[in-house]
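Reviewing the structure listed below.
Within every chain, numbering begins at 1; the chains are lettered A, B, ... in the order of the sequence lines, protein sequences first and strands thereafter. Side chains are part of it too, since the values below use all heavy atoms of this structure and drop only hydrogens, waters and symmetry mates.
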There are 2 protein chains.
Amino acid sequence: MPGKGKWQNRFSGHGRRWTMPRETILQQLSRTKKHQSPKEIFSAINKFNPGIGLTTIYRTLELLDKMGVIHKLRIGDGQVRYELQGKEKEDHHHHLICTSCGKIIDYFDFIDEEMELIKKTEKALTKKHNFVINNHNIEFYGLCEKCR
Amino acid sequence: MPGKGKWQNRFSGHGRRWTMPRETILQQLSRTKKHQSPKEIFSAINKFNPGIGLTTIYRTLELLDKMGVIHKLRIGDGQVRYELQGKEKEDHHHHLICTSCGKIIDYFDFIDEEMELIKKTEKALTKKHNFVINNHNIEFYGLCEKCR
DNA sequence: TTGTTATTGAAAATGATTATCATTGCCAAT
DNA sequence: ATTGGCAATGATAATCATTTTCAATAACAA
Ligand SMILES: [Mn+2]
Ligand SMILES: [Mn+2]
Ligand SMILES: [Zn+2]
Ligand SMILES: [Zn+2]
């Protein structure tokens with residue numbers, strides 16, 4: 001059944017429901033590659049759909065993150081940020097964060113080499129500390145073109 | 001003038017003052033290798049020195065971080081954490097964080113290889129995005145022995 | 001010793017996130 | 001197509017970490 005919406009199938013039949021707010025929030029996340037905070041998402045949606053509450057945004061984002069549909073970012077600016085989680089290997093990336101203005105740049109360089117190192121490290125750490133690793137995070141901090 | 005305290009010289013003569021609260025906070029940070037939150041540091045100090053306020057803890061930690069004496073950690077548990085910043089190359093490490101109980105493990109494995117990759121990436125990113133990189137952060141998330 | 005001013009601590013303010021709870025509406029079963 | 005159970009919602013209040021304010025204090029250069 002094509003045209004049902006890209007994500008609906010991930011909600012049906014799991015005790016979860018496909019609702020208008022969730023669809024709207026996913027649309028807003030799809031609309032840009034920016035890393036949006038709950039408040040930003042709320043503001044954007046609120047302009048044309050004032051019915052959706054900030055609480056729902058928070059809850060939905062948390063759920064989508066747990067489902068692996070989106071990715072939660074904690075740069076240090078006082079609010080959490082989210083971006084859509086691509087499914088392809090080429091979508092995997094990390095971030096360059098300006099400590100002055102908060103600008104975030106996605107970078108995709110050396111990801112292969114990085115993945116190799118990550119795998120090796122993961123393996124060693126899993127064995128050494130009896131730890132199951134599910135995820136990793138790499139970020140560079142510095143000053144962007146405008147701020148330095 | 002030896003025995004003046006390990007850090008005093010970093011405060012004198014820079015418009016900064018060497019005070020009892022600062023010394024106490026640095027002592028508390030030295031007392032353990034744990035990654036302590038402001039509140040935890042406050043509680044520990046408060047037991048034997050109830051005069052030092054939580055506000056001062058916050059301000060001092062921020063200052064020490066800016067001075068490069070300590071390192072700020074933002075794992076996702078709702079509060080910032082700090083650890084002493086070692087000066088030797090061997091002190092450089094990253095973290096393994098349990099998403100269930102919040103346990104943090106320092107690891108020092110593959111740091112050399114990592115540094116090589118980091119340098120290469122930094123170089124490329126600096127050129128490509130005209131960005132000055134000052135710092136980086138790497139962490140693995142997963143489940144610790146007890147939680148999995 | 002003294003004047004300047006960085007530092008401090010108590011209290012209040014801020015601001016993001018979470019909890020509560022009555023209401024709504026999705027959807028599987030009929 | 002209807003409906004009953006319960007997941008989801010939204011308004012509101014509560015939490016809780018961090019920041020701001022401001023008057024009092026104390027480090028330290030002169
Ligand atoms: Mn990104
Ligand atoms: Mn550490
Ligand atoms: Zn910038
Ligand atoms: Zn654990």
Side-chain angles (χ1 to χ4, degrees), chain A residues 1 4-5 7-28 35-43 45-46 48-67 69-70 72-82 102, chain B residues 1 4-5 7-26 28 35-46 48-67 69-70 72-82 102:
Chain A
M1 196 185 290
K4 264 183 83 184
W7 293 285
Q8 178 164 4
N9 45 62
R10 305 208 44 177
F11 285 84
S12 309
H14 293 284
R16 288 196 189 108
R17 295 172 184 179
W18 181 242
T19 66
M20 182 273 281
R22 288 177 178 181
E23 182 172 20
T24 307
I25 290 165
L26 276 165
Q27 276 172 6
Q28 175 57 29
H35 310 81
Q36 304 175 80
S37 70
K39 195 176 16 167
E40 285 170 353
I41 294 172
F42 173 77
S43 299
I45 289 178
N46 197 253
F48 62 91
N49 195 336
I52 298 175
L54 180 56
T55 307
T56 298
I57 310 266
Y58 269 102
R59 279 189 293 230
T60 301
L61 291 171
E62 188 189 324
L63 172 64
L64 292 173
D65 181 51
K66 240 177 269 171
M67 290 171 66
V69 175
I70 63 178
K72 185 194 283 192
L73 258 82
R74 316 164 226 247
I75 68 173
D77 75 336
Q79 43 193 109
V80 194
R81 295 181 174 277
Y82 293 91
Chain B
M1 193 186 292
K4 263 184 84 185
W7 292 284
Q8 179 166 3
N9 45 61
R10 306 208 44 177
F11 286 84
S12 309
H14 292 283
R16 288 197 189 110
R17 295 171 185 181
W18 180 242
T19 67
M20 182 273 280
R22 290 177 177 180
E23 182 172 20
T24 307
I25 290 164
L26 276 165
Q28 175 56 30
H35 310 80
Q36 305 175 81
S37 69
K39 194 175 17 167
E40 285 169 353
I41 294 172
F42 173 77
S43 299
I45 289 179
N46 197 253
F48 62 90
N49 195 335
I52 297 176
L54 181 54
T55 307
T56 298
I57 310 268
Y58 270 101
R59 280 188 293 231
T60 302
L61 291 171
E62 188 190 324
L63 172 64
L64 293 173
D65 181 50
K66 239 177 270 171
M67 291 171 66
V69 176
I70 63 177
K72 184 194 284 192
L73 260 82
R74 314 164 229 243
I75 68 175
D77 74 338
Q79 43 193 109
V80 194
R81 295 181 173 278
Y82 294 90

Between [N] atom [atom2] and [X] atom [atom1], what is the distance in whole Å?
{"X": "B/Arg17", "N": "D/dA29", "atom1": "CZ", "atom2": "P", "answer": "9 Å"}
{"X": "B/Trp18", "N": "D/dC28", "atom1": "CH2", "atom2": "P", "answer": "10 Å"}
{"X": "A/Glu23", "N": "D/dA8", "atom1": "CD", "atom2": "C1'", "answer": "15 Å"}
{"X": "A/Asn49", "N": "D/dT9", "atom1": "CG", "atom2": "C1'", "answer": "13 Å"}
{"X": "B/Lys72", "N": "D/dT18", "atom1": "NZ", "atom2": "C1'", "answer": "10 Å"}
{"X": "A/Tyr58", "N": "D/dA14", "atom1": "OH", "atom2": "C1'", "answer": "15 Å"}
{"X": "B/Leu61", "N": "D/dA17", "atom1": "CG", "atom2": "P", "answer": "15 Å"}
{"X": "B/Glu40", "N": "D/dA17", "atom1": "CD", "atom2": "P", "answer": "11 Å"}

Please state whether the phosphate of [N], meaning OP1 or OP2, lies under 4.0 angstrom from any side-chain nitrogen or oxygen of [X].
{"X": "A/Arg22", "N": "D/dT9", "value": "yes"}
{"X": "A/Arg16", "N": "D/dA8", "value": "no"}
{"X": "A/Thr56", "N": "D/dG10", "value": "yes"}

> For B/Thr19, which contact category applies under a 4.0 Å heavy-atom criterion: base, sugar-phosphate, or nothing?
Replying inline: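 Sugar-phosphate, no base atom in range.
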Closest heavy-atom contact between [X] and [Y]?
{"X": "B/Lys72", "Y": "B/Asp65", "result": "N-OD1, 3.5 Å"}
{"X": "A/Val80", "Y": "A/Pro38", "result": "O-CD, 3.2 Å"}
{"X": "A/Tyr82", "Y": "A/Glu62", "result": "OH-N, 4.3 Å"}
{"X": "A/Val69", "Y": "A/Trp7", "result": "CG1-NE1, 3.8 Å"}
{"X": "B/Arg10", "Y": "B/Arg16", "result": "O-NH1, 4.5 Å"}
{"X": "A/Arg17", "Y": "A/Phe11", "result": "O-CD2, 3.8 Å"}

>> Need to verify one output field. Residue with the more 5' nearest nucleotide on DNA chain C, B/Pro50 or B/Gly15?
In response: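 By nearest-heavy-atom nucleotide position, the 5'-most residue is B/Gly15.
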> How far does the helix from C/dT1-D/dA30 to C/dT30-D/dA1 bend, going by the axes of its first and last five pairs, to the nearest 10°?
Replying inline: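 It comes to 40° between the two terminal axes.
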> So B/Gln36 and B/Gln28, side-chain hydrogen bond (donor to acceptor under 3.5 Å, both in side chains) or not? Walk me through it.
Replying inline: CA-CA 9 Å; B/Gln36 305 175 81; B/Gln28 175 56 30; 2.8 Å; yes
>> So, using salt bridge (charged side-chain N to carboxylate O under 4.0 Å, His left out) as the criterion, who are the partners of A/Arg59 when residues are at least two apart?
In response: none
> Backbone N or O of A/Leu64 within a donor-acceptor pair of the A/Arg22 side chain at under 3.5 Å?
Replying inline: no
>> Of all nucleotides in DNA chain C that come within under 4.0 Å of a heavy atom of chain A, which is furthest toward the 5' end and which toward the 3' end?
In response: C/dA16 to C/dC27
>> Between B/Met20 and B/Val80, which residue's closest nucleotide on DNA chain D lies nearer the 5′ terminus?
In response: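 Its nearest nucleotide lies further toward 5', so the answer is B/Val80.
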